[in-house]
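Here is the naming used below: chain letters follow the sequence lines, and residue numbers restart at 1 for every chain. What's counted below: heavy atoms across the whole structure, side chains too, no hydrogens, waters or symmetry copies.
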Protein chains: 2
Amino acid sequence: MTQSRQLHLGAILEGVGTDQHAWRDPALPSNASISIDWYIEQARLAEAAKFDLVFIVDSPFITPDTAPHFLNRLEPLTLLSALAVATSHIGLVGTLTTSYWEPYNVARQFGSLDHISKGRAGWNVVTTGLEGAAGNYGRDAHFPHAERYARAREFVDVVQGLWDSYEDDAFVADKAAGVFLEKTKQHRLDHKGQFFSVAGPLALSRSPQGQPVIFQAGDSTQGRDLGAAIADGTFTIAADLATGQAYYADLKARAAALGRNPDHIKVLPGLSPILADSDAEAQAIVRAQHEALDFGKLLVQLGRAFNYHDFAQYDPDAPFPDVSGLSLNSYKGHAERIVATARAEGLSLRQTAWRFGQWRSPFVGSPETVADEIERWFVGRAADGFNLRVTRPGEFALFRERVVPILQKRGLFRTDYAGQTLRSHLGVPVPPHRHAQPALAEAAE
Amino acid sequence: MTQSRQLHLGAILEGVGTDQHAWRDPALPSNASISIDWYIEQARLAEAAKFDLVFIVDSPFITPDTAPHFLNRLEPLTLLSALAVATSHIGLVGTLTTSYWEPYNVARQFGSLDHISKGRAGWNVVTTGLEGAAGNYGRDAHFPHAERYARAREFVDVVQGLWDSYEDDAFVADKAAGVFLEKTKQHRLDHKGQFFSVAGPLALSRSPQGQPVIFQAGDSTQGRDLGAAIADGTFTIAADLATGQAYYADLKARAAALGRNPDHIKVLPGLSPILADSDAEAQAIVRAQHEALDFGKLLVQLGRAFNYHDFAQYDPDAPFPDVSGLSLNSYKGHAERIVATARAEGLSLRQTAWRFGQWRSPFVGSPETVADEIERWFVGRAADGFNLRVTRPGEFALFRERVVPILQKRGLFRTDYAGQTLRSHLGVPVPPHRHAQPALAEAAE
């Protein structure tokens, strides 16, 4: 492949949104999070703009105070399967936790999505941060952080093993001779590990992209190690260019240390632009959003990283409280960064909530300004692309119609799809079949 | 409702089929079982013929000798979600086992399918007959028969409880006032039972049909009790009219004994017609199919009801062997009927395999003859309708184009859909919300 490095774009479809006020926008249907019509419309718009993928966030636990989108929303695999037949090219990526599913069922469902979409499925592997999820699955307590990641690693190994249950040419389907399956090309897995025992085989052949694409989104050391080992791409939160560059270098180094080609793991930070016709208008939007925020809800959002710890109990203007007694089992990487920043900068609880209880975008301005910043991150090796998360309905149109053409003109982003599969869009290879002949396996690499 | 009793029709979509030779028909694509295009085409044909539903069979265990369709097929929930957006009226029913899933995940996925399809989802509750499934889910042995059914009952209770997590008017979505959810109308489940502990709430509101429709297919005493208690409909195997009538009367009596309206549980036997232009031609097809059968494969199929017991070890012409030492944990009701029949009629193993190792249809003949037989079962209270399973591709067309018009002309079957939901097609009521005000709950009944 001599093609120059290309930017990748995902669109997070988040219905009525996870911000306090996004759902109140008159242009957004109140039922967007459960409306298949809304999702189909958004996915087709993203496909028309040649995005690599749409992305469905998920979580298996809610409370009455959960953000609007999470309160009432379609489940990712059923939703993505519906989108598969309403679109033709765009990748379809969904989050699913390894903590509360059976690997056999996950292998079947993502494998089926890959067939239904003709090679466009992607699985964002998470371990679930919220401890309350345990109560929905018959457990007294959530798995500890280290165990979650060890389970996740083995879980993905099992699922990938099941996806190779049949060699690519197993189904002869010779109607004249009456031979449907070449039985020697069906393989049991017979996995017996620390956490899972799964015999196989899976009742599903390989898809046009061999196996669904694997994404990973955890930011702790264990999360990065997992991503470096198993992922074709990672979704990250990057607050500024320097943080993004540090993560990018660290992740690619971890992948290389494991013998992987670092170009085959794509780093896609979240991108929440504040876009307007001019830089001044965009800055005015940021100020207005800031003023509309409810401090109580900011504290709830801050607490989410600490397993919904109740920060309202503290004096907001005293220094950020000592939370060293809390187990950081939830969003560990994120929570540790909040504590470290609050201490290093001597922030009060109020200042910490304003800093971390909302997303502060580094991408604010006119389409030209935002495109410049995207290019700076891309060229500066802080990102291989971005996962777009819009918080105002009109912003998605502005991004597609004004920012994407600038990126295309600069030769950074495709003007049409070159292939039909998500692996093709991302430029990550089809994994060779584990039971294929050595010569064939080498040829496929 | 003063409408006269109407026949219900389902179409089992089984890809390349579960018979020995069906897949060899030149008209059937070899990849039908994993081709979303094939399923969409079939579902649209069934919808054009005004069928109540399409039905997806399932099983979580295969061996190299498993029937062609089961070897390599799409998973039901992902498949049905794709069909939901490729159709507009037809019901979408899938099999899923309560033995190897988490109730929280099942509630989310069938609930989401119900939203995606705008009220057309149905769940065929099974407990899994094949003991080998245990090995795919980390268990040394399958659950014993009685425990499977006790688990199933509690599992469905939990799922239905989760489907009522929100009252129908919980989401206010008042943009001006800034109130998205009326928090008092979100309900935790806090279920703690013998097998499951599930806190809830589920992150999903009720759908246009309140809750997905529940089907049940087990034929043992425990299976019938489960169906009578929880099901809106049952799928059965009926070898002849008398057997069908006995099952029908028994199931309706069990439902009535539990205080249910027996009209609200629909009995749908499988219907595998052998259709041709004339009765003589149909009989000739039966003879030809019979002659083409491989006795070894018949023995495998017979053994499936006995957990893949190897019947090839016995003298085929000696009396049906003593299998009383075998645990009848698999398809218990079916296996017991085979043994009882073989003993009562003094059948040899060979005769038993020919009788039960293949499906012998009571619906053989011209369209007029088959329509007569359907009417006889329907009027004779052996069936409220049928689940059509074709074994030759051309037969589906014959049934839609030749049999359905006769049934319509006789006033037995709809000429158009009267509603948009599966509950509407079947004539089974929307379950009132368990937290609704008493006056409202009564009004909804």
Side-chain angles (χ1 to χ4, degrees), chain A residues 16 21 23-26 30-31 34-36 40 59-60 62 64-66 68 70-75 77-79 81-82 84-86 100-102 104-105 108-109 111-113 115-116 118 132 135-139 166 171 173 175 178 180-181 183 186 196-201 203-205, chain B residues 16 21 23-26 30-31 34 36 40 59-60 62 64-66 68 70-75 77-79 81-86 100-102 104-105 108-109 111-113 115-116 118 132 135-139 166 171 173 175 178 180-181 183 186 196-201 203-205:
Chain A
V16 292
H21 297 292
W23 68 274
R24 298 173 70 177
D25 190 302
S30 297
N31 69 342
I34 55 165
S35 165
I36 189 61
I40 288 174
S59 158
I62 60 166
D65 294 313
T66 297
F70 280 95
L71 282 172
N72 183 22
R73 64 192 189 283
L74 298 178
E75 180 279 334
L77 273 156
T78 45
L79 168 55
S81 300
V85 295
Y100 299 110
W101 280 78
E102 291 284 350
Y104 195 83
N105 296 336
R108 284 192 74 196
Q109 293 203 322
S112 290
L113 175 62
H115 278 281
I116 291 168
K118 299 170 186 176
N136 289 330
Y137 295 94
R139 287 182 57 90
Y166 289 109
F171 288 95
K175 293 187 178 189
F180 187 69
L181 165 69
K183 293 184 187 180
Q186 182 200 69
F196 303 102
S197 294
V198 180
L204 197 62
S205 56
Chain B
V16 293
H21 298 292
W23 69 272
R24 298 174 71 176
D25 190 300
S30 297
N31 70 341
I34 55 164
I36 188 62
I40 288 174
S59 158
I62 60 167
D65 294 315
T66 297
F70 280 96
L71 282 172
N72 183 22
R73 66 193 187 283
L74 298 178
E75 180 279 334
L77 272 157
T78 44
L79 168 55
S81 300
L83 295 181
V85 296
Y100 299 109
W101 279 78
E102 290 284 349
Y104 196 83
N105 296 336
R108 284 191 73 195
Q109 293 202 322
S112 291
L113 174 62
H115 277 282
I116 291 169
K118 299 172 185 175
N136 289 330
Y137 295 94
R139 286 181 58 90
Y166 288 109
F171 288 96
K175 293 188 179 189
F180 187 69
L181 166 68
K183 292 184 187 180
Q186 183 201 69
F196 303 101
S197 296
V198 180
L204 197 62
S205 55

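Looking at A:D25, only its backbone comes within 4.5 Å of chain B, counting heavy atoms on both sides. For B:L83, no part sits under 4.5 Å from any heavy atom of chain A, backbone or side chain. In this structure, chain A has a heavy atom under 4.5 Å from the backbone of B:Y100, while its side chain stays farther away. In this structure, the portion of B:F70 lying under 4.5 Å from any heavy atom of chain A is its backbone and not its side chain.
Here the CG-OG distance, from B:N31 to A:S205, works out to 8.5 Å after rounding to the nearest 0.5 Å. The distance from atom CH2 of B:W101 to atom CG of A:N105, rounded to the nearest 0.5 Å, is 4.0 Å. To the nearest 0.5 Å, the span separating OG1 on A:T78 from CG on B:L79 amounts to 13.0 Å. Note that CG of A:L77 and CG of B:L113 are 12.5 Å apart. Values are rounded to the nearest 0.5 Å. Once rounded to the nearest 0.5 Å, the distance linking CG of A:L74 with CD1 of B:I116 reads 5.0 Å.
Ranking A:S30, A:G132, A:A86 against chain B, the residue ahead of the rest is A:S30, based on heavy-atom pairs under 4.5 Å. Contact count against chain B (heavy-atom pairs under 4.5 Å) is highest for A:G200 among A:S59, A:G200, A:S35. Ranked by heavy-atom pairs shorter than 4.5 Å toward chain A, the options B:G178, B:G138, B:P26, B:G111 are led by B:G178. Contacts with chain B were tallied for A:K118, A:Q186, A:Q109; A:Q109 has the most, counting heavy-atom pairs under 4.5 Å.
For B:L204 against A:R73, the heavy-atom pair with the smallest separation is CD1-O, 3.2 Å. Smallest separation of non-hydrogen atoms from B:I62 and A:A203: CD1-CA, 3.7 Å. The minimum heavy-atom distance between A:V85 and B:A82, with the atom names listed, is CG2-O, 3.3 Å. Considering all non-hydrogen atoms of both residues, B:E75 and A:R108 come closest at CA-NH2, 3.6 Å. B:L181 and A:L71 make their closest contact through CD2-CD1, 3.9 Å (heavy atoms, listed as atom of the first residue, atom of the second, distance). The minimum heavy-atom distance linking B:N136 with A:V198 is given by the pair O-CG1, 3.7 Å.
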